Amino acid sequence: MATTAINQSVEKETYLNAGYGLKSWLLTKDHKRIAILYLISITVFFAIGGFFAMLIRLELLTPAGDLVEADTYNKLFSMHGIIMVFFFLIPSIPATLGNFLVPLMVGAKDLAFPRINLLSWYLYIIGGTMALVAMFMGGVDTGWTFYTPLSTEYVNTNVIPVALGVFVAGFSSIFTGLNIIVTIHRMRAPGMTWSRLPLFIWSHYAASLIMVLGTPVVAITLVLAALERAFHIGIFNPQLGGDPVLFQHLFWFYSHPAVYIMILPSMAVISEIVPCFTRKRIFGYEFVALSSIGIAVLGFLVWAHHMFVAGISVYAALVFSLLSYLVAIPSAVKVFNWTATMFKGSISFETPMLYAFGFIGLFTIGGLTGLFLANLGVDIHVHDTYFVIAHFHYIMVGGAIMGYLGGLHFWWPKMTGRMYPEAWAKLSALLVFVGFNLTFFPQFVLGYMGMPRRYHAYAPEFQVLNVLSTAGASVLAVGYLFPLFYFLWSLKYGQIAPNNPYNAVGLEWMTQSPPPAHNFDKTPVVTWEAYDYENQPQEEVPVV
Amino acid sequence: MWEQLPLFPAQASKIAPQVDILFFFLCAVTVFFSLLIAFVVVFFAVKYRKEKHPHAEQIEGSVPLELTWTLIPLAIAMVMFVWGASIFFIESRPPRDAMEIYAVGKQWMWKFQHVEGVREINTLHVPMGRDVKMIMSSQDVIHDFFVPAFRVKADVLPGRYSVVWFHPTKAGTYHLFCAQYCGTQHSGMIGEVIVMEPDEYEAWLSGGGAEGSLSGTGQKLFQQYGCATCHRSDTQGRGPNLTGVFGKPVLLDDGRTVVADENYVRESILNPGAKVVSGFKPIMPTFQGQLSEEQLIALVEYVKSLAGPNPNSAPVTNRPVVPNNATQQ
Amino acid sequence: MSSDQAVVASELQHHFRDMEQQKETATFGMWIFLITEIMFFGGMFCAYLIYRLSYYQSWVDGSQRMDITLGAINTAVLIFSSLTMAMAVHSAQVGKRNLIILFLILTLVLGCVFLGIKAVEYHDHWENHELPGKYFSGLDKNGVDKGWHDVPHTSLYFALYFAMTGMHATHMIIGAGLLIWLIVAAYKGKFNENYFSPVENVGLYWHFVDIVWIYLFPLLYLISHKHTG
Amino acid sequence: MAHTEETHNHIVSPKLYVGIFLFLMVMTALTVFAATINFGIMNPVIALVIATAKATTVILFFMHIKYSTRLTQIVILSTLFFLFLLLGLTLTDYLSRAWMAYPSR
Ligand code: HEA
Ligand code: HEA
Ligand code: CUA
Ligand SMILES: [Cu+2]
């Protein structure tokens with residue numbers, strides 16, 4: 001790898017030095033700068049959400065509810081869930097890496113609607129600020145699911161501002177999805193056919209479909225709930241004739257597909273990292289590509305598996321259970337294809353690849369435990385216990401965040417022009433993996449034993465496992481703090497990154513690091529297939 | 001072994017071992033696939049590491065392989081589904097002769113009402129070896145009746161009855177949890193289920209300070225609230241004679257037919273205009289807001305008792321019939 | 001392609017190859033946005049469907065309080081405004097600036113007429129306590145009992161009536177704002193036969209709002225009006 | 001069929017627009033008229049068929065879908081598919097709740 005920038009002029013023009021001052025950032029229409037804005041704001045939200053998580057874990061160290069009041073605890077997990085889902089994980093990859101890379105990967109100068117892209121960041125900030133202000137002015141204690149009639153008639157916390165914050169952030173998500181879809185359809189470089197698109201693009205396309213089709217439904221649902229709370233219009237209140245279960249249907253119509261908004265972009269990252277560090281074309285390109293679309297479409301058919309004990313009909317439960325099993329199949333296809341890609345590869349173990357290994361393993365466990373929950377017989381027992389908590393943290397923390405971190409490391413040189421310190425990165429990847437398993441594996445056991453979730457105090461026999469979990473969370477927190485520090489450090493002291501440090505293929509690697517404001521000096525013309533590692537020179541490709 | 005090492009919940013109902021076997025099967029599949037993938041990944045990672053294998057061989061993919069790893073998981077998944085569904089079917093259909101106990105959830109306590117008249121709070125006594133059916137409703141928000149040792153759980157909703165049933169097989173004291181988040185003291189909405197030998201249970205019932213049977217209480221309310229002025233035990237009343245109504249189909253004035261289950265009786269009292277019996281005028285006043293959940297239960301039980309000696313042929317389903325008869329429209 | 005570029009280079013944003021691509025992209029983006037709008041209203045249509053099937057009697061009672069005449073007039077007004085909107089786009093396509101402005105103003109006026117009539121209807125329901133949830137009452141403004149069968153669920157009908165028509169009216173108001181913006185832009189001569197995407201896209205939006213009403217009208221006013229028994 | 005990008009700027013004649021407008025007005029009158037007659041179970045069906053006819057015309061002509069790309073057409077159809085998923089699958093719950101009124105054991 002090149003270690004100096006001697007061959008590049010010091011004055012090299014990049015999107016980073018295309019303008020200076022706060023205004024040049026806050027009013028930018030450059031997708032790369034907006035990605036950086038998102039990256040910073042998302043990190044802030046992750047830290048706040050993680051802070052709440054640590055308080056949750058500390059409270060659960062002892063069976064008695066002694067650290068914080070019951071109300072405080074309820075606010076902690078509600079705000080943890082709301083922040084992590086709506087303000088961290090949903091925008092995490094699509095709005096940072098996706099924003100940065102989609103135009104580069106398809107060979108465009110920008111996303112289709114740069115102004116809407118900036119608007120989406122502002123909406124995110126407005127929604128996030130609303131939620132945060134509401135949280136610090138008394139918080140909200142409905143759980144991230146806002147179930148009625150609790151949220152509309154019974155709690156006396158800031159439900160309306162938080163719901164509206166989520167509503168506004170929802171539009172930010174809609175606009176991101178819209179932009180990505182339109183860009184993929186309309187802005188591809190000459191020669192970039194659908195079958196030549198990187199799988200990153202396919203997965204983002206699928207996730208964007210969900211954002212565009214699902215988010216509006218949760219938006220209107222939250223509006224109705226807010227109206228109900230403000231004016232008691234009775235749509236979901238049984239005392240006024242409404243049906244609280246209808247709220248759950250409408251909520252999960254979005255929120256189940258939303259879990260695929262969170263995982264598909266992560267799968268997108270893995271599908272780039274694995275071929276690069278095995279030096280191989282991905283195994284079964286078409287199958288991986290189509291499985292993304294399959295997940296997105298089938299994902300809309302299974303929402304009521306969150307409601308098996310909520311009072312839905314027996315027949316509906318059967319239908320939704322069956323469909324939930326079907327949605328697992330495309331995920332299986334992906335896992336097997338990534339594994340098969342390694343066959344006869346030439347494998348190296350840089351940090352992104354370590355995260356990819358972590359993703360594959362933990363996503364598999366998380367996904368397979370999803371099958372327990374999709375199972376009617378077992379879900380009756382484990383519904384709303386820590387088994388569910390463990391399931392989704394395996395996917396969302398073990399899977400999605402591993403993918404996010406892997407992607408950040410992988411494209412960090414491209415985004416900032418600096419290398420991260422490899423040794424530190426490997427150490428923190430290890431810490432995250434160990435800490436993660438220690439935190440969440442005991443929760444599977446707790447769940448099957450019957451410890452209900454959202455419990456401020458619990459029965460004494462659950463303590464040992466809870467202590468393990470809290471210990472793990474501390475390790476995990478350290479593991480997450482490392483990247484924060486060494487990424488910041490690398491901005492100043494990291495090695496200057498070459499244009500293509502990993503000898504990866506893909507248009508984003510063919511422009512300089514960091515890319516110039518217009519991405520490519522000349523519109524690229526694509527004449528090769530995706531993941532063409534066979535014809536990839538082992539040395540750095542010349543700058544376009 | 002499980003007693004010393006609290007890593008597994010007690011098995012105290014007929015369904016529990018069945019759920020556990022299914023659970024172990026799922027665990028086996030999970031362990032198998034996780035290890036398979038972990039093993040293959042590690043194996044490739046070692047065997048094809050860059051130092052050993054500097055030049056990757058390009059392989060496009062293979063349709064037979066793709067089919068294999070689509071169809072095998074699909075087949076396994078279908079086994080899981082059918083197995084789970086069969087257990088769910090048992091769990092969803094309470095046996096006809098199950099004994100009935102009413103439960104009311106409210107923020108943040110459980111109130112139980114035995115048909116014989118005994119009332120309990122946060123503690124539930126049940127006999128071993130009998131089918132027990134809980135008929136539950138909530139006074140405020142959604143709660144959830146969860147007994148891990150029985151492997152059963154059901155949401156308790158405001159505005160309607162939901163049902164869960166179990167068959168205790170082992171005497172002892174077990175946790176009762178509220179599993180649906182319901183506000184501040186959600187984690188305090190816990191209690192105990194005490195499973196007793198049948199004769200002990202009988203002794204407990206008779207010593208339990210019952211103020212007359214539940215249907216007896218209901219009969220008093222029926223007089224007190226003036227129901228009896230319209231509903232008489234002959235055909236002269238302004239309202240239908242309620243004898244023998246429960247559990248039977250009722251013809252409504254818009255031509256639909258509904259079965260008179262607990263939810264129907266409840267709705268008839270609280271919102272009489274929603275389903276008007278054929279041949280009658282919608283003159284019955286609503287009792288919404290005048291009756292507590294407990295009083296409602298008593299009235300429902302009384303109407304049930306009018307249906308004859310075996311009111312337990314109750315046609316309530318696990319997933320209750322909401323005020324909804326779209327199918328009949 | 002490149003001839004366009006010379007004519008209207010100022011309207012071509014830097015990241016597009018040519019006007020053709022820019023226009024295609026804008027229209028496609030608008031359609032994707034309309035998808036989200038369909039799903040947005042879809043949530044309420046779902047609630048409507050479920051409750052209508054569950055509480056049919058209340059839907060009969062509720063819809064009999066609707067003024068079909070006003071509803072029909074409003075439908076006509078909105079369809080007419082769709083025509084004028086389509087004509088505005090047509091005028092843009094053929095580059096007739098004055099006609100664009102004329103038709104846009106007509107559309108705006110018709111939109112306001114619609115909102116006005118809607119306000120009259122709202123006022124009437126308000127006076128008669130035909131309101132959602134706890135504001136609902138079975139008595140009309142003279143205190144006469146309307147003989148409703150199932151009061152709690154009839155209030156549900158009005159909850160959905162106000163939610164759906166209210167959300168529709170909100171979209172109309174946004175649409176009116178967009179029209180004003182277009183009128184100003186057209187007045188400044190921003191649009192010509194090569195560049196009229198904004199007119200076209202606001203047009204799409206306006207027609208979409210019209211389509212929502214095309215469904216709301218029968219669902220809320222008509223289909224339960226004659227009790228089917 | 002005209003589905004290529006060149007024909008995107010298809011200009012519809014004002015005459016056609018007026019024709020469409022008249023058709024829509026007639027349909028409106030028809031549906032109001034139909035509402036005065038009791039067709040029983042067919043009431044909603046008739047009203048919705050008419051509404052769909054109107055909506056389709058608006059989409060095809062006022063919104064130029066007849067002249068736009070195949071892609072846009074697919075987008076609209078698939079959205080309707082997802083809308084029906086929302087309505088249909090929610091219905092499976094509510095419609096089948098009454099089915100198991102009698103336990104079989
Ligand atoms: C990114 C997030 C994410 C993802 C991707 C998933 C994926 C899946 N989830 Fe999960 N889930 C959540 C996040 C997620 N979930 C959250 C947040 C909740 C709780 C919400 C709340 O209540 O607060 C939840 C809750 C939840 C429930 C409700 C539990 C309850 O409340 O009782 C169910 C029930 O069916 C479920 C099922 C599934 C299934 C079947 C998948 C599948 O997509 C998984 C598919 C993957 C695999 C199967 C692994 C790979 C396959 C193989 C290695 C091959 C072997 C395969 C076979 C033999 C079939 N999930
Ligand atoms: C993306 C989603 C996401 C993520 C990442 C996490 C991360 C974590 N979660 Fe959470 N969790 C949810 C989504 C998520 N969770 C949801 C949806 C719920 C359900 C809520 C509900 O019931 O309504 C939930 C609930 C939940 C519970 C159950 C609470 C209950 O039911 O009573 C618990 C308990 O252990 C828990 C723990 C943790 C822990 C230890 C982490 C750890 O992984 C967190 C580790 C991270 C950190 C410690 C931050 C590190 C710090 C930095 C990177 C920067 C620091 C910066 C500065 C100091 C400036 N979570
Ligand atoms: Cu009651 Cu939780
Ligand atoms: Cu789900």
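All values below come from the heavy atoms of this structure, side chains included, with hydrogens, waters and symmetry mates left out. Throughout, a chain's letter reflects where its sequence line sits, starting with A, and its residues are numbered from 1. These figures come from a predicted structure and were not determined experimentally.
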Side chain from CB out, backbone as N, CA, C, O: work out which of these in C:Ile50 comes under 4.5 Å of a heavy atom of chain D, or both, or neither.
-> side chain
Do you know the tightest heavy-atom contact between D:Thr90 and C:Cys46?
-> OG1-SG, 3.7 Å
So CD1 of C:Ile38 and CG of D:Leu80: to nearest 0.5 Å the spacing works out to 6.0 Å
Tell me, with the steps shown, if D:Val75 and C:Phe28 meet side-chain contact (heavy atoms from CB on, under 4.5 Å).
-> CA-CA 9 Å; D:Val75 161; C:Phe28 187 59; 3.9 Å; yes
Side chain, backbone, both or neither: which part of C:Leu204 has an atom under 4.5 Å from a heavy atom of chain D?
-> both
Below 4.5 Å from any heavy atom of chain C, which atoms of D:Thr28 appear? Answer side chain, backbone, both or neither.
-> side chain
Ignoring hydrogens and angles, tell me if any N or O in the side chain of C:His207 forms a donor-acceptor pair with the backbone of D:Ile59 under 3.5 Å.
-> no
Once you round to the nearest 0.5 Å, how far does OG1 of D:Thr57 lie from CD1 of C:Ile214?
-> 7.5 Å
Gap between atom OG1 of D:Thr56 and atom CD1 of C:Ile211 - 0.5 Å precision | 8.0 Å
By a 4.5 Å heavy-atom criterion (distance strictly below it), what part of D:Thr52 contacts chain C: side chain, backbone, both, or neither?
-> both
Among C:Phe41, C:Tyr215, C:Phe45, the residue with the most heavy-atom pairs under 4.5 Å to chain D is C:Tyr215
Find the distance between CH2 (C:Trp31) and CG (D:Leu71) and round it off to the nearest 0.5 Å.
-> 11.5 Å
Could you tell me the separation between the CG atom of D:Leu95 and the CG atom of C:Leu53, rounded to the nearest 0.5 Å?
-> 6.0 Å
Closest approach of C:Gln93 to D:Val12 (non-hydrogen atoms, all atoms of both residues) = OE1-N, 4.5 Å
Most heavy-atom pairs under 4.5 Å with chain C, out of D:Pro14, D:Ala47, D:Ser13, belong to D:Pro14
Any idea which heavy atoms bring C:Ala72 and D:Val32 closest together, and the distance?
-> CB-CG2, 3.8 Å
Positions in residues 75-88 of chain C that reach chain D, provided some heavy atom is under 4.5 Å away = C:Thr75, C:Ala76, C:Ile79, C:Phe80, C:Ser82, C:Leu83, C:Ala86, C:Met87
State the CG-NE2 distance between D:Leu16 and C:His90, to the nearest 0.5 angstrom.
-> 11.0 Å
Which atom of D:Met63 lies closest to which atom of C:Phe208, heavy atoms considered | CE-N, 4.0 Å
Is chain C contacted by the side chain of D:Phe82, its backbone, both, or neither, given a heavy-atom distance below 4.5 Å?
-> both
For C:Glu24 and D:Thr69, work out which heavy atoms get closest and say how close.
-> OE1-CG2, 4.2 Å
Is the closest side-chain heavy-atom distance between D:Leu48 and C:Leu219 below 4.5 Å?
-> yes
Output the option from D:Val18, D:Ile46, D:Val45, D:Thr72 having the highest count of non-hydrogen pairs under 4.5 Å with chain C.
-> D:Thr72
Answer with side chain, backbone, both or neither: which region of D:Ile76 has an atom nearer than 4.5 Å to a non-hydrogen atom of chain C?
-> side chain
So which part of C:Phe217 gets closer than 4.5 Å to some heavy atom of chain D, the side chain, the backbone, both or neither?
-> side chain
